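Structure first, then comments.
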Amino acid sequence: MDILQKIDQCRALLDRKDELADRTKEVNLAIQTCRDELAGMMIEAETPKVSREGYGYSVTQKVKYTKAAGVDAELMEALRENGLGDIIRETVNAQTLQGAMSNLAEENDGELPEEFRTLIRVYEFYDVSRRKERAK
């Protein structure tokens with residue numbers, strides 16, 4: 001195989017990778033839509049847990065916290081003022097921010113302190129978890 005053929009092979013693999021990434025995005029969106037619909041159906045039917053084909057499905061309410069766009073400096077200052085400066089790096093890790101905001105909200109009756117309300121977006125949604133059930 002010569003260099004040009006190897007370039008063609010690499011390009012084909014890169015194209016395939018892009019196709020798979022696009023397909024993964026589509027499937028993830030379909031999963032999210034299906035999960036949202038399933039959670040709604042389970043809530044409406046007042047059925048918080050269902051077993052099917054060896055898996056248990058249960059509805060849980062979750063809250064996610066993410067940084068609002070364009071408020072980096074203000075967020076960093078609010079974190080420092082609230083004793084959370086230790087989670088700051090050049091960027092704030094999304095999981096670390098999630099944990100810190102969850103703790104802050106928990107300490108404040110489920111609400112973020114005022115100084116974070118324009119800096120952090122709050123998403124509430126229902127999730128359906130799937131776990132392999134143990135044989136009894």
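The structure displayed is predicted, hence computed values, not measured ones.
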Keeping the roles fixed (side chain from Asn108, backbone from Gly110), state whether a donor-acceptor pair exists under 3.5 Å.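 It does not hold such a pair.
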Answer yes or no: is there a donor N or O on one side and an acceptor on the other, between the side chain of Thr47 and the main chain of Ala45, under 3.5 Å?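 Between the backbone of Ala45 and the side chain of Thr47 there is a qualifying donor-acceptor contact (under 3.5 Å).
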Flag yes if Tyr55 and Met41 sit in one hydrophobic cluster, no otherwise; membership is Ile, Leu, Val, Met, Phe, Trp, Tyr, and two members link when side-chain heavy atoms are under 4.5 Å apart.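 Different clusters: Tyr55 never reaches Met41 through Ile, Leu, Val, Met, Phe, Trp or Tyr contacts under 4.5 Å.
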Side-chain ion pair, Asp2 and Lys6, N-O less than 4.0 Å: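 Salt bridge: no.
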Atom CD of Gln5 with >12 non-hydrogen neighbours under 6.0 angstrom: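 Yes, CD of Gln5 has more than 12 neighbouring heavy atoms, counting only those of other groups under 6.0 Å.
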Nearest 0.5 Å, please: how far is [atom2] in [Y] from [atom1] in [X]?
X      : Y     : atom1 : atom2 : value
Thr60  : Lys49 : OG1   : NZ    : 12.0 Å
Asp15  : Cys10 : CG    : SG    : 11.0 Å
Phe125 : Asp36 : CZ    : CG    : 8.5 Å
Leu14  : Gln9  : CG    : CD    : 10.5 Å
Thr24  : Lys17 : OG1   : NZ    : 11.5 Å
Asp18  : Leu13 : CG    : CG    : 11.0 Å

Do any pairs count as a salt bridge (Lys or Arg N to Asp or Glu O under 4.0 Å) and have a residue in residues 65-74, sequence neighbours left out, and if so which ones?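 Only Lys67-Asp72 qualify under salt bridge (Lys or Arg N to Asp or Glu O under 4.0 Å).
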Of all the heavy-atom pairs spanning Ala78 and Glu115, show the shortest one and how long it is.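 Taking every non-hydrogen atom into account, CB-CG, 4.2 Å.
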Which heavy-atom pair separates Tyr126 from Arg35 by the least distance, and what is that distance?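 Result for this residue pair: O-NE, 3.8 Å.
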Val92: hydrophobic cluster co-members (side-chain, 4.5 Å):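 When side chains under 4.5 Å apart are linked, the cluster holding Val92 also contains Val63, Tyr65, Val71, Leu75, Met76, Leu79, Leu84, Ile87, Ile88, Leu97, Met101, Leu104, Leu112, Phe116, Leu119, Ile120, Val122.
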List, by chain and number, the other hydrophobic cluster members for Leu4, where Ile, Leu, Val, Met, Phe, Trp and Tyr join if side-chain heavy atoms come within less than 4.5 Å, directly or indirectly.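 Result for Leu4 is Ile3, Ile7.
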Side-chain touch Lys64/Arg121, heavy atoms, less than 4.5 angstrom: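 No. Closest side-chain heavy atoms not under 4.5 Å.
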Do Ser51 and Glu133 touch side chain to side chain, with heavy atoms closer than 4.5 Å?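 When only atoms from C-beta onward are counted, Glu133 and Ser51 do touch, with a gap below 4.5 Å.
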Do Ser102 and Gln98 meet the criterion of a side-chain donor-acceptor pair at a distance under 3.5 Å?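 Side chains of Ser102 and Gln98: pair found under 3.5 Å.
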